[in-house]
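Here the structure comes first, spelled out in structure tokens, and everything after it is commentary.
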Amino acid sequence: MTDTNVPSAPATPVFRRLVALDRKAHAGLKVRPPENASFAADATLVPLMSAEFGPAAREYPVVFVRDSNNTLISVALTGLPQGKNIYVGKDGRWDARYVPAYIRRYPFAFVETSPDTYTICIDADSSYFDASAGTALFGVDGEPSAMLKETIEQLGEYQRMMTHTKSFMKKLDAADILMEANAKADLPDGRSFSWRGFWIIDEARFRNLPQEKIKEWFATGELGLLYAHLLSLGNLGELPRRHPAAPPQK
């Protein structure tokens, strides 16, 4: 049996080399929309915004992890520790009804370069950027193309929702209703994994929250997010069920 800690949340999973988009350095660059999600094949957790808890809870375990600064982050578990993303098939297609926004925005990202300041970045190692095929990022006048303007607008909306998510994470952390989870997965081929390092709501502490706090979270709609998280934990069984069998011993 393998006992593994869930790794602390990486700052930019699926992105190999983030660089700031520059109208001079990238003047001739073009982009093609990803034809599949093979770029996320190694991502065993994917950041989620709070607005995604509802649809994501139908597909994935929605849990919480901490980054290197001990900041709480909401994520979808998409694989077993040290494994692969079980929602990305051999053909590279994402095998679930809901695809997290973090995946859908690839190969672009907004990165916080200083407090409250964000820079549009690209994965410079992505095969979806080159100078020969795709839609131009900039016009001949050096201004963003219509496609890039739309992308920037979408990234801005993503960042606004992420700001709300960060605020909710702070409230949740301060409420002291989380516990570190220990989970075990028994695979059909006989292998077993147990891991820890992700956080879930302790239902006993949740039930003991002051009524004022419950009413506050009900009024803001955040109470529903907690229930979505709890319901999503039923998807933990999907991880071993979908996990590929070990190759036969030679």
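Keep in mind that the numbers below use all heavy atoms, side chains included, and drop hydrogens, waters and symmetry copies. Numbers here simply count residues along the sequence, with the first being 1. On a predicted model such as this, the values are computed, not experimentally measured, just so you know.
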Trace of the ring-ring contact (aromatic ring centres under 6.0 Å, His included) decision for Tyr106 with Phe39:
CA-CA 9 Å; Tyr106 186 85; Phe39 60 86; 3.9 Å; yes
Minimal non-hydrogen separation, Ala43 against Thr78, with atom names:
O-OG1, 2.6 Å
Report yes if some heavy atom in the side chain of Pro107 is under 4.5 Å from a heavy atom in the side chain of Pro34; otherwise report no.
yes
With hydrophobic residues grouped by side-chain heavy-atom distances under 4.5 Å, do Val75 and Met161 end up in a single group?
yes
Applying side chain to side chain donor-acceptor pair (under 3.5 Å) between Ser50 and each of Lys166, His164, His229, report the one that passes.
His164
Using a 4.5 Å cut-off on heavy atoms from C-beta on, say whether the side chain of Asp42 contacts that of Asn85.
no
Counting only heavy atoms not in Arg205, do more than 12 sit closer than 6.0 Å to its CZ atom?
yes
Residues His26 and Phe138: closest non-hydrogen pair is O-CD1, 3.5 Å
Can you measure from CZ (Arg58) to CZ (Arg97) and round to the nearest 0.5 angstrom?
7.5 Å
Give me the atom names and distance for the closest heavy-atom approach of Thr119 to Ala20.
CG2-CB, 3.8 Å
So does Glu153 have more than 12 non-hydrogen atoms from other groups sitting under 6.0 Å from CD?
no
So that I can tick it off, tell me whether Asp130 and Lys30 are bridged by a salt bridge, with the cut-off set at under 4.0 angstrom between side-chain N and carboxylate O.
no
To the nearest 0.5 Å, what is the distance between CZ (Phe64) and CD1 (Ile73)?
11.5 Å
Write down the atom of Asn36, the atom of Asp91, and the distance for their closest heavy-atom approach.
ND2-O, 3.7 Å
Using side-chain heavy atoms (C-beta onward) and a distance below 4.5 Å, is Glu180 in contact with Arg66?
no
Is it true that a side-chain atom of Glu222 and a backbone atom of Phe168 form a donor plus acceptor pair closer than 3.5 Å?
no
Ser167 side chain vs Thr163 backbone, donor-acceptor pair below 3.5 Å:
no
Report the distance from atom CZ of Phe15 to atom CZ of Arg105, rounding to the nearest 0.5 Å.
5.0 Å
Residue pair Met147 / Leu137: nearest heavy atoms and the distance that separates them:
CE-CD2, 3.5 Å
Test of understanding: clusters of I, L, V, M, F, W, Y form through side-chain heavy atoms closer than 4.5 Å, transitively. Do Tyr102 and Leu18 belong to the same one?
yes
Taking the six-membered ring for Trp, are Phe129 and Phe108 parallel (under 30°), tilted (30 to 60°) or perpendicular (over 60°)?
perpendicular
Hey, quick one: are Phe53 and Leu231 part of the same hydrophobic cluster, counting side-chain heavy atoms closer than 4.5 Å, chains of contacts allowed?
no
Honestly curious: do Ile152 and Val111 fall in one hydrophobic cluster under the side-chain, below-4.5 Å linking rule?
no
Calculate, to the nearest 0.5 Å, the distance between atoms CG and CZ belonging to Leu148 and Arg23 respectively.
9.5 Å
Whether over 12 other heavy atoms sit under 6.0 Å from Lys215 NZ:
no
Do Met169 and Ser74 have side-chain heavy atoms sitting under 4.5 Å apart?
yes
Are side-chain N/O atoms of Tyr87 and Glu238 paired as donor and acceptor at under 3.5 Å?
no
Ile214 versus Phe206: any side-chain heavy-atom pair under 4.5 Å?
yes
If you count every heavy atom of other residues, nucleotides or ligands that lies below 6.0 Å from Glu157 atom CD, does the total exceed 12?
yes
Taking all non-hydrogen atoms of both residues into account, name the closest pair between Pro100 and Leu48 and its distance.
CB-CD2, 4.0 Å
Please report the C-alpha distance between Asn69 and Thr71 in whole Å, then the side-chain angles of each, then the deciding distance to 0.1 Å, and finally whether the side chain to side chain donor-acceptor pair (under 3.5 Å) criterion is met.
CA-CA 5 Å; Asn69 295 317; Thr71 301; 5.2 Å; no
Single-linkage hydrophobic cluster, 4.5 Å side-chain cutoff, Trp217 and Leu230 together:
yes
Going from CD1 on Ile103 to CH2 on Trp94, what distance comes out if it is rounded to the nearest 0.5 angstrom?
4.5 Å
Asp22 side, atom CG; Ile122 side, atom CD1 - distance, nearest 0.5 Å:
9.5 Å
Taking the side chain as every heavy atom from C-beta outward, state whether Leu226 and Leu172 have any atom pair closer than 4.5 Å.
yes
Examine distances only and state if a side-chain atom of Asn235 and a backbone atom of Tyr60 form a donor-acceptor pair shorter than 3.5 Å.
yes
One pair to check against side chain to side chain contact (heavy atoms under 4.5 Å, CB included): Leu233 and Ile201. What are the steps and the verdict?
CA-CA 10 Å; Leu233 298 181; Ile201 289 176; over 6 Å; no
